[in-house]
Structures are given as structure tokens and as C-alpha cells.
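Note sheet for the following structure.
Basis for what follows: all heavy atoms, side chains included, without hydrogens, waters or symmetry-related copies.
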Amino acid sequence: IDKWFLVEYGSKALLGHFEVGLQVSSVILIVATTLSLAWQPKLYQWLSENQEDFEAKIVRKTYITFALVCLAFVGLQLVKSLAFAWVIDEKFINGLKYVLPLSLGYVFFAGFHLMIGYIIYFKQTLRLGLWVAFLLLFKIGIDLVVVTYFSVEHIAWSFPLVLCLFALITWWEANRVMPIKWLLR
């Protein structure tokens, strides 16, 4: 959706800068997806065994996994200028401004991806599908507001906003399906 808005209301050069920022930010997506995919089998095992202390294990591992994604995010923010100077052509340096919002969006994606396992395990995906449809329409609306009242260059900030909402909704739905005490004692 963002790419369409960038071309329609901006330019192909702006899209190129966005794409470069997206590629650099995808480091966080790779870390988040890898950790989440490694986590899912263990989650399903603990849920099926229903051991006495499985909730504490789930909470601890979820926090640790999310913390690792956050560390990757901080690391990327620290080295992004160096990466742009070393690897990416100078004419795409404006793509640097998209790395923060896009990689932040991928951090929220990690939060969503860590919670989706509960919903899938308990086969409660219909409501989540309806939320996805709502958030897609919401994203289009936010993008329209951004290009109308701000600048098409700010459109990347709608990405973390929508993914943050999606992560919160997924967390809420996961807790509806399986209430867990998320505060460690």
C-alpha cells in the first residue's frame, strides 16, 4: 500500500529511497521471523503438555525473544549510517530516513508473530482475520491522512502504527483465548 502511495503522490525516486530503507530494515524482519519460527514448536509442546509451570516458561521465553528483537533493532539503528555509507550507493542516502519507522514496524511485527501461536494452537483465527481486514482499511485511511495533511515522505510512519495496533490486538485476542499472567514475579 505504501509503495502505491509513494508512486501516486510522490515519485519513483522516492519509491527507490523507500525500497532501500525497506531492504535495510528487513534485517529486523529476518531476526523476528527466525526467532518466532524457532519458538513456535516449543510453545506448542508446552501448551500440549500443560505442565504446572508452563505459563511462567512461556512468559519468560516470550519476553526474552522479544528483547532479542529489540536488541537487533537498537543495533541496526546504531550501524545504519555505516551500512549506508559502506554498502549502498550515495544517491540512495535519503533511504536512511525510512530505516527507523520501517524497522520499528518490524519490531511490532515480532510482537504479533510471538502471540499468533496461541491463537493458531487453539484454532481461533477467524476473529484475527476480521481484525486484519479492519487494519488494512485503517492503514489505507491513515495513508490518505498522511499524504493529505503532511507529506508522502512521512507515509513510512503509518507502518509501525498499524503493526503496533495489530500486535496489541493479537496480544488481546491471545489472552482472550488463553489468559496468562504476563507480569513476572
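- Lys181 contributes atom NZ, which lies 11.0 Å from atom CG of Asn175 (distance to the nearest 0.5 angstrom).
- Here the straight-line distance linking atom CG of Leu161 with atom CG of Asp143 works out to 10.0 Å at 0.5 Å rounding.
- Around the CD atom of Glu90, the shell of radius 6.0 Å holds no more than 12 heavy atoms that belong to other residues, nucleotides or ligands.
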(request) Check the pair Cys70, Phe66 against side-chain contact (heavy atoms from CB on, under 4.5 Å), reporting the backbone distance first and the verdict last. (result) CA-CA 6 Å; Cys70 290; Phe66 192 71; 3.5 Å; yes

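- No single ILVMFWY cluster, assembled from side-chain heavy atoms under 4.5 Å apart, contains both Val107 and Leu37.
- Nearest heavy atom pair, residue Leu163 against residue Gly105, reads CD1-O, 3.1 Å.
- You'll find the side chain of Leu43 reaches within 4.5 Å of the side chain of Tyr118, heavy atoms only.
- With hydrogens and angles disregarded, no donor-acceptor distance shorter than 3.5 Å links the side chain of Thr33 to the backbone of Ile30.
- Here ring pair (Phe, Tyr, Trp, His ring centres under 6.0 Å) pairs that include residues 142-167, with residues two or more places apart or in two chains, are Tyr106-Phe159, Phe112-Phe166.
- In terms of heavy-atom proximity, Ile116 sits nearest to Thr170 at N-CG2, 3.9 Å.
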(request) Show the numbers, then the answer: is there a side-chain contact (heavy atoms from CB on, under 4.5 Å) between Lys12 and Leu6? (result) CA-CA 8 Å; Lys12 289 181 182 174; Leu6 286 166; over 6 Å; no

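- Open room surrounds NZ on Lys91; 12 or fewer heavy atoms of other groups in view lie less than 6.0 Å from it.
- By the 4.5 Å heavy-atom criterion applied to side chains, Ile64 and Arg60 are counted as neighbours.
- The two residues Ala72 and Val31 have their closest heavy-atom pair at CB-CG1, 4.0 Å.
- Rounding to the nearest 0.5 Å gives a distance of 6.0 Å between CG of Leu114 and OG1 of Thr62.
- Here the side chains of Val69 and Phe109 are not in contact, with every heavy-atom distance at 4.5 Å or above.
- Hydrophobic clustering, with ILVMFWY side chains joined whenever heavy atoms are under 4.5 angstrom apart, keeps Val27 apart from Phe92.
- Under a hydrophobic-cluster definition in which Ile, Leu, Val, Met, Phe, Trp and Tyr are linked whenever side-chain heavy atoms come within less than 4.5 Å, directly or via other members, Trp86 and Leu96 are assigned to the same cluster.
- Among all heavy-atom pairs drawn from Leu47 and Ile58, the shortest one is CD2-CD1, 3.9 Å.
- The shortest heavy-atom contact between Phe5 and Val152 is O-CG2, 3.5 Å.
- Between Glu173 and Arg127 a salt bridge is recorded (basic side-chain N to carboxylate O distance below 4.0 Å).
- For the atom pair CG of Leu168 and CH2 of Trp172, the computed distance is 12.0 Å after rounding to the nearest 0.5 Å.
- Looking at every heavy atom in both residues, Gln40 comes nearest to His113 through NE2-O, 3.3 Å.
- One distance of note links CG of Leu130 with CD1 of Ile169; it measures 11.5 Å at 0.5 Å rounding.
- Note: Ile28 CD1 to Leu71 CG = 10.0 Å, rounded to the nearest 0.5 Å.
- Within the 4.5 Å cutoff, side-chain heavy atoms of Tyr9 are placed close to those of Trp4.
- In this structure, the side chains of Trp131 and Leu165 stay at 4.5 Å or more apart for every pair of heavy atoms.
- Under a 3.5 Å cut-off, the side chain of Thr148 and the backbone N or O of Val145 do not form any donor-acceptor pair.
- For the pair Leu82/Val87, no side-chain contact is recorded, criterion being any heavy-atom separation below 4.5 Å from C-beta on.
- Put simply, the side chain of Ser103 does not reach to within 4.5 Å of the side chain of Tyr98, judged on heavy atoms.
- With contacts defined as side-chain heavy-atom distances shorter than 4.5 Å, the pair Phe84/Val99 qualifies.
- Ser26 contributes no side-chain N or O that, together with a main-chain N or O of Leu29, makes up a donor-acceptor pair within less than 3.5 Å.
- When hydrophobic clusters are built by joining Ile, Leu, Val, Met, Phe, Trp and Tyr residues whose side-chain heavy atoms come closer than 4.5 Å, directly or via intermediates, Phe73 is grouped together with Leu78.
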(message) side-chain contact (heavy atoms from CB on, under 4.5 Å) for Leu136 and Ile1? Distances and angles first, verdict last.
(response) CA-CA 9 Å; Leu136 180 61; Ile1 296 171; 3.1 Å; yes

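- Between the Ser36 side chain and the Ala32 main chain, no donor and acceptor come within less than 3.5 Å of each other.
- For NZ of Lys97, the number of neighbouring non-hydrogen atoms (other residues, nucleotides, ligands) closer than 6.0 Å is greater than 12.
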(request) Walk me through it: do Leu15 and Glu19 pass the test side-chain contact (heavy atoms from CB on, under 4.5 Å)? (result) CA-CA 6 Å; Leu15 177 63; Glu19 284 287 339; 4.2 Å; yes

